[in-house]
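Structure, as structure tokens:
The model shown is predicted, which means the values in this text are computed figures rather than measured ones. FYI, side chains are in, hydrogens and waters are out, and symmetry mates aren't considered; it's all heavy atoms of this structure. Lettering follows sequence order; numbering is per chain, from 1.
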Amino acid sequence: MKLFLTHNIDTKDLHSIKVYKKQGGYGSLEKAFAKKPDEIVQMVKDSGLRGRGGAGFPTGLKWSFLAKDVFPRYLACNADESEPGTCKDRVLLQKNPHLLIEGMILCAYACQIETAYIYLRGEFYDLAEIMDKALEEAYEAGYLGANILGSGMNLEMYTHLGAGAYICGEESALLNSLEGMRGEPRLKPPFPAVEGLYGKPTVVNNVETLCAVVPIMNEGPEAYAAVGTEKSKGTKLVSVSGHVKKPGNYEIPMGLPTRDLIYDLAGGIRDDNELKAWIPGGSSVPMLPASLVDTPYDYEAIAAAGSMLGSGALIVMDHTTNVVEEALRLAGFYMHESCGKCTPCREGTRWLHQILSDIHLKKGKESNIALLEDICDNMSFKCFCPLGDAAVAPVISSIQNFREDYEELLNLAKAGTAS
Amino acid sequence: MFTFSESSEKQIEKIMKKYPVKRSAILPLLALAQRQDGYITPEAMVEIGKRIDCSPAYVQSVCSFYTMFYTKPVGKYVIQFCINISCHLLGCDDLLEYTANKLNIKVGETTADNKITLLKEECLAECSAAPVMRLNDTYHTNLTREKIDQILDSLD
Ligand SMILES: Cc1cc2nc3c(=O)[nH]c(=O)nc-3n(C[C@H](O)[C@H](O)[C@H](O)COP(=O)(O)O)c2cc1C
Ligand code: SF4
Ligand code: FES
């Protein structure tokens, strides 16, 4: 299997610049500096790379949307990694920090950016220390700072730690947080590419996205695009968690059947139990039944199956799971993380949690399912930012695909009141 | 009265250089104050406000948005116990209850000797090594009752 991001991840001391350089690290910069910035943007477009943070937006296209001739511009690397189930960026940050720095330098060169921030979730204090050390090494080696490798390019790069707020992973909330405000989302448009950090054109990209730019530069966009499917190019780092024998982060070519991911790479279901449900891309996307486990793991196929690839976090549930209990857990999460700015989300997440909690405690009524659907309908596409839609996904999909789990609890409630 | 320590001041110097706008330093400064005192006092907010040209009320409004900032004293050790889906699928509820019983406190409380605060947290981004907790800055993964015993017993 061709890997682009993790082929050498277990090399001893890869996080140190010495070892990283021995592995060919920072070799892409000379190649890049021999080209014009626009050519790099075109290469990233040609590679078919799409954002790995959740939305899957084409990366080269995003870079080409930067407001023309407006400077300074900023780069914000999204290392907030807070989507439940997702723990892939941490692998790159921890084991290969220089790959991220190199990818960010390439992005900065392509987009004519001179200041870049890495926004890490507050809990990643230890990873920020690793990143800071790597940044120091990169400055010393002349890959950061003024006139990098004599190219005339200048770039300052800094880490910035958040302080515990899922919503700060949403790009505009991230920028507000970085500006020293409460991490509430901004109205879009204007998009960050036009008015981002400090009102200036800004690129926001996920850790994995920026890392992928390095092999695209080194091996060429064709080599990258040769892996994967027609519309989902390259490889994806997938976090597999839940009821599998070997949970972990696996880099796979896009389009690998989900079955192979669960049963081969992750070793199958614990105790050889039966698969019941799986969430393809983190808590914010619809959960799917076992019958769809042959779906290829790529953007289009998972969308056609009724869900989304999201952040690439595959959460696996075996037949002992009552799906309502998991939907309740996620409803609690969204209630806690709703920033409170808009009413449908602030109120809706509370109602969803309350009703699911009643059902789970066998105090539900038959009308509750319709009520849940009604609340979801009042939230879908009516919230200020995508967190509201995310909160709806586990509820609606669990009702659609696992209605029997709800009915079981509602029947128990009925039997309880009858006796 | 709140004053930043000498070593904090050195860090502040570096922090202020990172941003073109002073206000951007608010989270790092709050984090520094918390590292110094264990939690963030109103006096610290006043001082931070002065450093970034913002009112104490503004500092408080930002501070209150983020769950990692404590405005009341916490124990020498803070445990953040993940209760989100991947950890839940692997039995975190039982382990959290076990931990609370062992410490003889409820979730959200601090032991009587002010040593350990036990908090439940949302996903800590170590889901494929669930169940997971953070103890101050250190992650502990693949938790079991035995592991929790070992960890708690090793704290001084
Ligand atoms: C509620 C919410 C949380 C998000 N959290 C993250 C996150 O933790 N990490 C991330 O990279 N993107 C996250 N995103 C997506 C970002 O808004 C943005 O699309 C992404 O960082 C863009 O980078 P990409 O194009 O490289 O994917 C989140 C979005 C929403 C709505
Ligand atoms: S949808 Fe939720 S998280 Fe997004 S702005 Fe509204 S309240 Fe805040
Ligand atoms: S769900 Fe517990 S660390 Fe992610």
By residue number, those in residues 127-156 of chain B with heavy atoms under 4.5 Å from heavy atoms of chain A are B:Cys127, B:Ser128, B:Arg134, B:Asp137, B:Tyr139
So, the part of A:Tyr117 with a heavy atom under 4.5 Å from chain B: the answer is side chain
Taking A:Glu208 first and then A:Lys236, would you say they form a salt bridge - that is, a charged N and a carboxylate O separated by under 4.0 Å? yes
With chain B, the option among A:His160, A:Met317, A:Glu81 that has the most non-hydrogen atom pairs under 4.5 Å is A:His160
Residue from A:Glu325, A:Glu337, A:Lys246 scoring the most non-hydrogen pairs under 4.5 Å with chain B is A:Glu325
If one checks every heavy atom of B:Ile26 against chain A at 4.5 Å, the contacting part turns out to be side chain
If one checks every heavy atom of A:Tyr74 against chain B at 4.5 Å, the contacting part turns out to be side chain
Most heavy-atom pairs under 4.5 Å with chain B, out of A:Ala266, A:Ser177, A:Gly162, A:Ser283, belong to A:Ser177
Query raised in the report: Is there a donor-acceptor pair closer than 3.5 Å between any side-chain N or O of B:Gln36 and the backbone N or O of B:Ser5?
Result: yes
inquiry  = Between A:Asp405 and A:Lys276, does the salt bridge (Lys or Arg N to Asp or Glu O under 4.0 Å) criterion hold? Intermediate values first, please.
reply    = CA-CA 11 Å; A:Asp405 283 18; A:Lys276 177 169 180 173; 2.7 Å; yes
**Study point:** Carboxylate-amine/guanidinium proximity below 4.0 Å for B:Glu9 and B:Arg51
**Key:** yes
Turns out that what part of A:Thr159 lies under 4.5 Å from chain B's heavy atoms comes down to both
task = Output, in order, the C-alpha distance, side-chain angles, deciding distance and verdict of salt bridge (Lys or Arg N to Asp or Glu O under 4.0 Å) for A:Glu179 and A:Arg186.
result = CA-CA 12 Å; A:Glu179 285 192 30; A:Arg186 299 176 181 174; 2.7 Å; yes
Exactly one candidate in A:Val240, A:Val244, A:Leu314, A:Leu261 meets side chain to side chain contact (heavy atoms under 4.5 Å, CB included) with A:Trp278; the answer is A:Leu314
Between the OH atom in A:Tyr334 and the CD1 atom in A:Ile167, the distance rounded to the nearest 0.5 Å is 10.5 Å
Pair count under 4.5 Å, heavy atoms only, with chain B: among A:Pro394, A:Gly340, A:Gly183, A:Gly242, highest is A:Gly183
Whatever's closer than 4.5 Å to a heavy atom in chain A on B:Ile83 counts as both
Bottom line for B:Ile85: the part with an atom under 4.5 Å from chain A's heavy atoms is both
Given A:Glu129, A:Lys88, A:Glu156, A:His336, the one with more heavy-atom pairs under 4.5 angstrom with chain B than any other is A:His336
One option among A:Ala163, A:Gly164, A:Cys87 has the most heavy-atom pairs under 4.5 Å with chain B, and it is A:Ala163
Please check if atom NZ in A:Lys245 has more than 12 non-hydrogen atoms from other residues, nucleotides or ligands closer than 6.0 Å.
yes
- Message: Between A:Tyr166 and A:Ser284, is there a side-chain donor-acceptor contact under 3.5 Å, judged purely by atom types and distance?
- Response: yes
Bottom line for B:Lys14: the part with an atom under 4.5 Å from chain A's heavy atoms is neither
Per side chain to side chain donor-acceptor pair (under 3.5 Å), A:Thr86 is matched among A:Ser241, A:Ser239, A:Ser311 by A:Ser311
- Message: Looking only at side-chain N and O atoms, does A:Thr321 offer a donor or acceptor that is under 3.5 Å from a partner on A:Glu326?
- Response: no
CD (A:Glu251) and CG (A:Leu237) are apart, to the nearest 0.5 Å, by 6.0 Å
